[in-house]
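Encoded as structure tokens, the structure appears first; notes follow it.
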Amino acid sequence: MSATASSPSALRDPSGPFADAVVDGLVRGATAANLGLTAEAALGGLNFDGGPEGDAAFPAHRLAQSAGRAPPEVAGALAAAFPSSPWVSSVRAKGAYVNFVADPARLTEATLASVLAFGPEYGHGESVAPPLCVEHTSANPTGPFHVGRVRNALIGDTLARVSRAAGVPVTTQYYIDDMGRQATMITWIWSKPREAWPAPIRAVVDGHETPGEKGDLHYGRPYPAVSAYLKEHDDAREEVSALVREIESGRAPASHRELAKTILDGMLASLARLGVRFDEFAWESDFVRDGSVDRVLDRLRGAPHAVREENGAWAIDASGYGLPKESTHVVVQRGDGTSLYVTRDVAYHLAKFARFARLVDVLGQDHQLHARTLDALLAEIGEARRPSFVIYQDITVPEGGRMSTRGGSAVWLDDLLAEAVDRARREVLVRREDLAEGAVDAIAEAVATGAVRYHILRVAPEKPVVFRWEDALSFEGRSGPFLQYSYARASSVLRRGDADRPPYPFEAARLSDPEELALVRLLARFPRVVSYAARSAHVQALAGYAHDLADRFNRFYHAVPVLKSGDERASRVALVAAVRQTLGNALDLLGVPRLETM
RNA sequence: GGGCGCGUAGCCUAGUCUGGAUAGGGCACCGGGUUCCUAACCCGGCGGUCGAGGGUUCAAAUCCCUCCGCGCCCGCCA
């Protein structure tokens, strides 16, 4: 993480002036000591992550090497030549490193002032980045979400939240694939009277339905059986193929889109509990209907590496685009004239590029090749822009293998949430006998969804995750509920100090306990964490930061009295208010519900 | 076979992009803490050849090469 030496406003990033002072002092000191050091090199070498020796550290090795001197000697010279600065209270050479300590009073003053002034905006940026479209989830409307799919939604949703906070105008989109075989299989089976369903498909439905069940559960139930059945019955498979052609040619039965919508509504209701909402929905069929898929096909057939097959199909010889050798023959139009998923996806991406300067697609690792093929086709038709991809690994089950609907290894999101709510309810009831029924339910829901969100977001997307119930339902340690608990605890302190409400006057000099200063340093770091998470798409950095802050706050809470303190009381209350604000902002970005009490 | 990703204590994980000082957390386990602002908490202890080997470098969990293990993909499916 690098310093924001060019931070537009000291107020937005309270650690900015300190970083500027260190860089500036290093450069000037180096010059005085006859060592060449540019501001850029100083910034690049500096570590602001806060080691045990101070708030910033500068390794002198590189500079020593170019100067032909010993690193400890150079470090000593840099420290000695460092000009005094009000923001830097201590400059000390230790071994080959120069350590800098920020002036506690100034840092405290700037940080609390910034947090309390910006409030819900603290940590947010004000960049003028061009509009970004984040496409995520985009699961086929064929049945309920399982936990594996939810990883996509949570990564995408959080990326959108943190990008917005960083100052980027973001639109989220869900691409609904209502054209392909998957969605068609649903229409195929439900357009038949129940008596006409093949026995193995009927078997998974009859006796398993409950009145009033969600649309995704109800209409998606036969899907795995249909999928299995089609593998072994050519006649049925041909019926589905015929239906696919009908749909693509614009003669879809009325029930087709209705079914997709009903199932989708059920899926979205589950995601909404996790705080995931979409700005826009893009229906694949719309791109076929409005002719944009045809226009893409025109361009592809006229492209430099277009190849016509014997049966009339069209392909692109994409061997010049760095795809794996076996995957360079990309069929873009079938022999029967219909398009393929990747072709339609080109049309979709062109439509997005017409409105957004930058595109991010969140995709499972099984779509990696698709992503690269899409890139190749965009290049082939002369489109210079490319989407960027956030690829995440699958969630596997302990027995091995991917979580899948067909293999029966899926853990449904709704079941996970039901179990989590159940457990959270029991936890609340043993702690809080004073609460009314409705309040218990509200807390249980927030704890449950917060736990699930955090559990998935805490891990880097590129890491595989093995789903275990006991881990997913953990309410302790590095978990969503731990953050919520810490937030509720800070809220409780503020609530009990009846007279303590904004603007929380404070005196920085009264916050001199090591626990207090550690908290202040962490608070000051938040803007850089937000900016880094948005820039790198490492949303797990936010999860880590929130835990660190909550952890530090709890240590402070146990070590330092707030409401029962004397002259320090008002300042400590202000510190608690700043922690509550910052932790709350971090929770918002993670989509973990804030809880005032629990 | 090829492509992509992953491999950090008994288990989970941060750090890897941008190489820097004794590799941070959590769970589990052991020992403590509640007449005191929320014990879903805190304090202490235990536990690491950062998959293996080689290379680059003053310096490697981090970069490069080889190998091993695991996952995914390689359809006129999506």
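Remember, predicted model here, so these are calculated numbers, not experimental data. In what follows, chains carry the letters A, B, and so on, assigned in the order in which the sequence lines appear, proteins first and then strands, with residues in each chain numbered from 1.
- Applying the 4.0 Å criterion to OP1 and OP2 of B:U38, one finds that A:Ser492 has a side-chain N or O inside that range.
- Among all heavy-atom pairs drawn from A:Leu595 and A:Ser491, the shortest one is O-OG, 4.5 Å.
- A:Arg237 places its CZ atom 15 Å from the P atom of B:C76, with the value rounded to the nearest Å.
- B:A28 sits 15 Å from B:C12 when the P atoms are compared, rounded to a whole Å.
- Nucleotide B:U18: unpaired (no Watson-Crick or G-U wobble partner with both distances less than 3.5 Å).
- Enclosure of atom CD in A:Glu238 by more than 12 non-hydrogen atoms of other residues, nucleotides or ligands within 6.0 angstrom is indicated.
- In this model, the phosphate group of B:C12 is not approached by any side-chain N or O of A:Lys463 to a distance below 4.0 Å at OP1 or OP2.
- For B:C73, one of the phosphate oxygens OP1 or OP2 lies less than 4.0 angstrom from a side-chain nitrogen or oxygen of A:Arg402.
- Using N1 to N3 plus N6-O4 or O6-N4 for Watson-Crick, or N1-O2 and O6-N3 for G-U wobble, each under 3.5 Å, B:C11 pairs with B:G26.
- Inspection of the A:Gln182 and A:Tyr341 side chains reveals no N or O donor paired with an N or O acceptor under 3.5 Å.
- Comparing B:A14, B:C43, B:G3 by their closest approach to the side chain of A:Arg555 singles out B:C43.
- At most 12 non-hydrogen atoms from other residues, nucleotides or ligands lie less than 6.0 angstrom from CZ of A:Arg92.
- Along RNA chain B, the nucleotide nearest to A:Gln393 and the one nearest to A:Val465 differ in position, and the one closer to the 5' end is contacted by A:Gln393.
- Remark: A:Arg496 is in phosphate contact with B:U38, judged by side-chain N or O atoms under 4.0 Å from OP1 or OP2.
- Taking the six-membered ring for Trp and the full ring otherwise, A:His136 and A:Tyr174 have centroids separated by 6.0 Å or more.
- Straight-line distance from the NE2 atom of A:His367 to the P atom of B:G75: 15 Å, rounded to whole Å.
- When each of B:A21, B:C74, B:U38 is scored by its nearest atom to the side-chain atoms of A:Ala57, the top-ranked nucleotide is B:A21.
- Listed nucleotides: B:G26, B:C12, B:C42. Nearest to the side chain of A:Arg468: B:C12.
- In this structure, A:Asp548 and A:Lys94 both approach RNA chain B, and ranking their closest nucleotides by distance from the 5' end singles out A:Lys94.
- In the displayed structure, A:Glu470 atom CD is contacted under 6.0 Å by more than 12 heavy atoms of other residues, nucleotides or ligands.
- With B:G25, B:C37, B:C6 as the candidates, the nucleotide lying closest to the side chain of A:Leu563 is B:C37.
- With B:C73, B:A39, B:C6 as the choices, the nucleotide that has an atom nearest any side-chain atom of A:Tyr557 turns out to be B:A39.
- Considering only the side chain of A:His61, B:C58 comes nearest among B:C42, B:C76, B:C58.
- Here CG of A:Leu522 is found 4.5 Å from OH of A:Tyr545. Values are rounded to the nearest 0.5 Å.
- Remark: B:A60 base-pairs with no nucleotide; criterion is Watson-Crick or G-U wobble with both hydrogen-bond distances under 3.5 Å.
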Tabulate protein N/O versus nucleotide N/O from nucleotides 27-35 of chain B, keeping only pairs under 3.5 Å, one per line.
none

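- For A:Gln540, a side-chain nitrogen or oxygen approaches OP1 or OP2 of B:G15 to under 4.0 Å.
- Between A:Arg489 and B:A39 there is a side-chain polar atom (N or O) within less than 4.0 angstrom of OP1 or OP2.
- In this structure, the CG atom of A:Asp375 is 20 Å from the P atom of B:C73, given to the nearest Å.
- For A:Arg334 and B:C77, the shortest distance from a side-chain N or O to OP1 or OP2 is below 4.0 Å.
- Look at B:U38: it lacks any Watson-Crick or wobble partner with both distances under 3.5 angstrom.
- For B:C70, the paired nucleotide is B:G5, the pair qualifying as Watson-Crick or G-U wobble because both relevant distances are below 3.5 Å.
- One interatomic measurement links the two molecules: CG of A:Asp49 to P of B:A23, which rounds to 16 Å at whole-angstrom precision.
- To the nearest whole angstrom, the two P atoms, one in B:U35 and one in B:G26, are 25 Å apart.
- Nucleotide B:G31 forms a Watson-Crick or G-U wobble pair with B:C43, both donor-acceptor distances falling under 3.5 Å.
- In this structure, CG in A:Leu26 is found 10.0 Å from CG in A:Leu43, a value given to the nearest 0.5 Å.
- Both tests hold for A:Arg423 against A:Phe475: distance to the six-membered ring centre under 6.0 Å, angle to the ring axis within 45°.
- Set against B:C72, B:C37, B:C41, the side chain of A:Gln365 has B:C72 as its closest nucleotide.
- Between A:Gln65 atom CD and B:C58 atom C1' the separation is 6 Å, expressed in whole Å.
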